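What follows is one structure encoded as structure tokens, with my remarks underneath.
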Amino acid sequence: MSFVELQSITKKFGSTIAVDKVDISIEKGEFFSLLGPSGCGKSTTLRMLAGFLTPSEGRITVNKRDITYLPPEMRGIGIVFQSYAIFPHINVFGNIAFGLVERGEDKVTIKRKVEAALEQVGLTGYGERYERELSGGQKQRVALARVLVIEPEILLLDEPLSALDKKMREEMKFWIKDIQKSVGITTIYVTHDQSEALTMSDRIAVMNEGRMLQLGSPIEIYEKPSSRFIAEFIGDSNLLDANVTSLDNTGCEVDLGNGVTVPARYSEHVKLNKNDRVGLLLRPEMVRLNPTDQSELPRMKGEIADEVYQGAIRRYRVKTGNHEIVVEVPNRPELAQLSQGDSVELYWSTESGVVVP
Amino acid sequence: MGKKIPLPMMILAILGFCYMLLPIVIVVLAGLTAGEFLTFPPKGLSFRWVIAFLQSEKYLSSFFFSFKLALMTMVISTILGTAVALFLSRAQFVGRGAMRAFFLSPVVLPGVVIGFALYAFFISTGMGISRTIWGLSIGHILYSTPYVIGTVGAALASYNVSLEEAARSLGASPLRAFRKVTLPNIAQGIQAGSIFAFIVSFGQFEVSLFLSAPNSEPLPIAMYNSLRYKFDPSAAAAGIFAITLVIASVLLTNRLVNIRRLLEKQ
Amino acid sequence: MTEASAQVGFHQPGSYQRHMKWLLVVPLVIFWVIFFVIPVGLMFATSFNSQIIGQVAVTSDLTLDNYIRFFSRSNYLLAAWRSVLLAIVVSVITLIVAYPMAYLIAKTENQARNTFLLILVLSAMQLDMVIRLYGMMVILGDNGLINQMLAGLGLIKVDEPIQFMYNFLGVVLGLVQFALPFMILTLMGVIAGIDPSLEEAARSLGASRRRAFLRVTLPASMPGILSGSLLVFALSISSYIVPALMGGFRVGVLPIHIFQQVAEGARFQFGATISVILFILSAAAVATYLRVGSSKSGGLA
């Protein structure tokens with residue numbers, strides 16, 4: 001039995017099903033993300049874990065203990081809210097001390113632990129400040145310190161970066177991951193941002209419309225999505241209409257029309273049959289234009305439709321008979337500059353083409 | 001900024017404000033006039049009518065009666081109204097809107113009719129409060145409580161429920177989370193609501209009409225009774241005190257809650 | 001996080017706490033039932049008892065006599081008609097006077113100035129009506145400031161003052177004074193909620209300022225205009241103090257008749273009948289107001 005178990009958790013609001021029979025097992029110390037668009041049920045799942053909602057069906061256990069119907073204050077689960085929820089009427093010290101006071105710790109211990117927590121999040125000397133005197137990033141740190149100080153078994157993070165600006169977000173992403181690693185706490189992270197989930201997580205569960213679609217490591221999710229939805233939700237993607245012409249248990253071949261047939265892989269969670277209409281997923285960064293290496297036989301030929309300059313990369317839209325493929329090329333001077341109308345050859349490795357149903 | 005408001009609109013608006021405020025200014029002048037009554041041009045200023053008010057048995061006792069009545073009303077409306085505002089913000093059920101409308105409805109119903117209905121009810125049930133401060137207070141509570149519900153409701157609407165949830169997950173019981181986190185954060189809304197309740201009761205006329213008696217006369221009724229016969233400048237002097245009280249309350253309310261937000265969102 | 005915030009009500013496991021919540025509402029429900037629903041209900045019942053002077057308690061003999069009397073006497077029908085007409089006239093005039101004021105407040109971006117204007121409106125609204133009418137009477141009376149001024153300028157004779165008061169006009173002027181703050185607060189919320197880029201878009205499409213206002217802003221404030229007018233209708237049809245002081249009992253509207261029947265004639269049953277009719281008129285306006293207002297409105301009431 002894993003450390004955290006969600007067993008066919010379902011939540012209904014009236015006749016709408018917000019979460020539909022979700023099974024998740026999370027190991028101790030893991031950084032686990034729930035990823036999906038808004039309204040997919042990830043927040044509802046998190047709130048059931050925290051104890052603010054009760055599942056309509058199913059069970060939640062932590063460390064073999066059934067917590068399904070336990071009130072939030074008895075769960076020993078810490079949560080950082082999207083809005084941070086720093087108590088505005090008490091100062092930073094009081095905020096961090098809050099949980100310790102509720103646990104009946106004595107004054108000396110509280111002071112010691114709060115000071116240590118402040119130091120841990122790099123806010124030594126901020127104890128006297130109030131919420132309105134803190135920046136977004138500092139609120140984030142206080143919210144995390146307030147939770148970590150009570151040494152919870154599980155840390156829940158509800159879109160904790162969405163209120164920050166882009167630069168701060170990048171910084172906090174690594175900071176949170178570092179803290180999580182050093183404390184070694186089991187963490188469940190809810191986000192709609194695929195790049196956050198990919199960078200920080202050990203494993204990701206992708207959700208949509210109340211269901212869990214795929215569960216796996218960031219690499220699996222990105223490189224072997226099990227459905228079109230995931231392929232398009234995560235990362236930029238080209239999805240070409242294709243037909244399965246042959247398959248064995250390691251890979252398959254698909255027909256892209258106009259007599260072009262290419263080899264491809266597929267996720268072991270997907271069941272394929274010959275002649276299935278499928279999508280061939282090609283990540284824009286995995287396609288090369290005009291390969292120089294002799295061993296790389298071009299898969300397709302096409303013509304540059306337009307070019308977008310994006311600083312670090314150049315982005316080309318290539319027209320090939322019946323398809324349109326977006327290709328990203330690193331912006332390096334030694335790579336030939338292409339312009340509209342140029343004929344190009346496209347190449348990608350066998351591993352790069354993934355079939356999704 | 002610049003010229004965002006067209007000039008004709010501006011002029012009409014200023015005239016409107018004059019219409020709304022002039023009578024109040026006139027009352028102040030009438031209370032401070034040196035003559036027997038306010039004339040144009042004024043005869044000069046004096047405190048003779050203010051002193052007359054402070055020495056008049058009738059107005060002064062009504063003023064204090066109203067004050068006491070408004071305090072009683074305020075305490076009860078604040079307690080009952082805050083509880084209901086909390087309930088309405090937390091509970092979700094079909095008919096919540098109807099329940100809210102039911103509680104707010106007295107404000108827009110005819111005061112004379114409600115006063116009459118209460119008067120007849122007190123007499124026919126023999127409750128013995130038909131012309132007492134308690135009877136009056138019951139009538140006033142019907143008109144004050146909706147303001148408490150509205151104001152505290154607005155405070156709760158802008159209160160982030162995550163705060164209470166955070167307290168819960170940090171180990172506080174529901175009651176402690178409410179007392180230590182929610183209450184301090186809506187306290188100003190409650191104070192503002194209670195000020196509203198006080199002022200609504202202090203200026204209440206229509207409901208009091210049937211419920212007051214000569215020995216228990218709130219200030220508006222006493223002023224009305226004298227105004228039917230003559231312009232007594234000491235009534236205007238009493239008015240000055242009432243005006244001061246109202247303006248002070250509104251200023252205090254503005255310090256407690258953002259009245260702009262309170263009035264625009266509801 | 002609409003998902004999250006919408007679900008707060010389902011907070012707790014199906015335990016005692018969900019029921020505890022109802023304890024909050026019980027005291028006021030009891031209060032409202034005893035001192036609002038029952039008295040109004042008894043008043044309705046009383047109106048169906050035959051008229052006995054001095055009799056207060058409800059009896060079991062039911063009759064429509066009081067209603068027949070009301071609807072067959074021209075002076076009561078006239079009073080009802082006068083009340084409705086008065087409320088309509090006041091709604092229209094208050095709307096015209098209040099709109100520019102609400103527009104000014106809604107468009108004032110300077111926080112301090114905006115708050116100052118709101119404090120003026122709120123103070124006027126909260127101030128005892130008797131005091132405000134005292135001021136009105138000093139200005140408008142036969143011996144009032146306006147007549148004194150006109151006489152001083154030689155425009156009228158001192159013994160032939162213009163009658164601003166103790167007539168329909170006086171009551172209208174007083175009720176507009178009474179209703180203005182309510183109308184302003186209702187309109188203000190709606191006007192402030194109109195996206196300013198709508199008017200800018202109209203301007204850039206070639207409309208003059210005046211045309212842009214008439215074709216875009218004014219129609220967009222319609223919900224506020226409608227609910228404000230209904231609110232003012234309900235408030236002014238209910239007023240006793242304004243017709244009493246500004247009309248000097250010469251403008252017989254329904255609230256005046258109620259007071260006379262009950263306080264001067266001890267005719268509780270007939271007083272109750274007039275009260276029921278007034279109650280229904282005002283409740284109908286309020287119900288419509290809630291209908292309109294549920295889509296969009298501002299204001300405290």
Side-chain angles (χ1 to χ4, degrees), chain B residues 1 4-6 9 12-13 16-17 20-21 23-24 26-27 30 38-40 80 83-84 86-87 90-92 101 106-113 116-118 120-121 123-124 138 142 150 161 174 199 203 205-206 209 220 223-224 227 236 239 242-243 246-247 250 254 259-260 263-264 266, chain C residues 8-9 17 21 24-25 27-28 31 35-36 39-40 42-43 56-57 97 100-101 103-104 107 114-115 118-119 122-124 126-132 134-136 138-139 145 148-149 177 180 185 189 192 209 234 238 240-241 245 255 258 262 268 275 278-279 282 286 290 298-301:
Chain B
M1 293 292 290
K4 274 197 71 184
I5 295 142
M9 198 70 127
L12 288 174
F17 273 100
M20 188 176 78
L21 300 173
I24 300 171
I26 292 296
V27 170
L38 188 63
T39 52
F40 188 84
L80 297 180
V84 166
L86 272 169
F87 173 79
R90 299 293 167 89
Q92 300 216 333
V107 174
V108 280
L109 291 172
V112 174
V113 172
F116 164 57
L118 273 175
F121 174 71
I123 294 178
S124 61
I138 286 170
L142 290 175
V161 187
I199 285 300
F205 175 85
E206 309 264 329
L209 188 63
M223 287 179 66
Y224 166 73
L227 212 53
I243 291 168
V246 167
I247 293 176
V250 174
N254 185 47
I259 54 172
R260 237 155 38 101
L263 294 170
E264 277 172 11
Q266 279 271 320
Chain C
V8 178
Q17 283 181 20
K21 233 180 275 180
L24 291 169
V25 82
L28 198 67
F31 191 99
F35 295 117
F36 177 46
V40 170
L42 286 177
M43 182 186 79
V56 187
V97 180
M101 301 167 77
Y103 190 86
L104 176 68
K107 297 284 173 185
N114 181 294
T115 306
L118 274 176
I119 286 172
L122 214 56
S123 302
Q126 298 294 341
L127 187 62
D128 180 355
M129 204 47 216
V130 182
I131 295 171
R132 284 153 74 190
Y134 186 115
M136 294 288 282
V138 170
I139 298 170
L145 295 180
Q148 281 182 41
M149 201 154 64
Q177 164 74 21
L180 258 182
L185 293 181
R209 246 176 115 132
S238 305
Y240 172 87
I241 179 79
L245 285 178
I258 295 171
V262 178
F268 281 84
S275 296
L278 177 58
F279 186 94
S282 119
V286 174
L290 288 175
L300 246 182

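Treat the numbers as computed from the prediction; the structure is a model and nothing was measured. So that the names make sense, note that chain A is the first sequence line, chain B the second, and so on, each numbered from 1.
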Quick check for you: to the nearest 0.5 Å, what is the distance between [X] atom [atom1] and [Y] atom [atom2]?
X	Y	atom1	atom2	result
L118(C)	N254(B)	CG	CG	8.5 Å
R90(B)	L24(C)	CZ	CG	9.0 Å
I243(B)	R132(C)	CD1	CZ	10.5 Å
Q92(B)	K21(C)	CD	NZ	8.0 Å
I247(B)	Q126(C)	CD1	CD	12.0 Å

At their closest point, which heavy atom of F35(C) faces which heavy atom of L142(B), and how far apart are they?
->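 Closest approach of F35(C) to L142(B), heavy atoms only: O-CD1, 3.4 Å.
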
Looking only at heavy atoms, what is the nearest atom pair of P23(B) and M136(C), with distance?
-> CG-SD, 3.5 Å

Contacting moiety of [X], where chain B heavy atoms sit under 4.5 Å:
X	result
V286(C)	side chain
L42(C)	side chain
L28(C)	both
M43(C)	side chain

Decide yes or no for S238(C) and E206(B): does some side-chain heavy atom of the first lie under 4.5 Å from some side-chain heavy atom of the second?
-> no

Between F205(B) and Y240(C), how do the two ring planes meet: parallel, tilted or perpendicular, split at 30° and 60°?
-> parallel

Can you name the residues that form a side-chain hydrogen bond (donor to acceptor under 3.5 Å, both in side chains) with Y103(C), not counting sequence neighbours?
->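 Partners of Y103(C) by the side-chain hydrogen bond (donor to acceptor under 3.5 Å, both in side chains) criterion come out as none, since no residue qualifies.
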
Derivation of the side chain to side chain contact (heavy atoms under 4.5 Å, CB included) call for F31(C) and I138(B) | CA-CA 9 Å; F31(C) 191 99; I138(B) 286 170; 4.0 Å; yes

Residue selection (most heavy-atom pairs with chain B, distance under 4.5 Å) from I139(C), I258(C), L180(C) | I139(C)

Most chain B-contacting option - heavy-atom pairs closer than 4.5 Å, from I119(C), V97(C), V40(C), T115(C) | I119(C)

Yes or no on side chain to side chain contact (heavy atoms under 4.5 Å, CB included) for I24(B) and I131(C), after CA distance, side-chain angles and deciding distance?
-> CA-CA 7 Å; I24(B) 300 171; I131(C) 295 171; over 6 Å; no

Which of these passes side-chain contact (heavy atoms from CB on, under 4.5 Å) with L278(C): L109(B), V112(B), V113(B)?
-> V113(B)

For the pair M9(B) and L104(C), evaluate side chain to side chain contact (heavy atoms under 4.5 Å, CB included) and give the outcome as yes or no after the intermediate values.
-> CA-CA 8 Å; M9(B) 198 70 127; L104(C) 176 68; over 6 Å; no

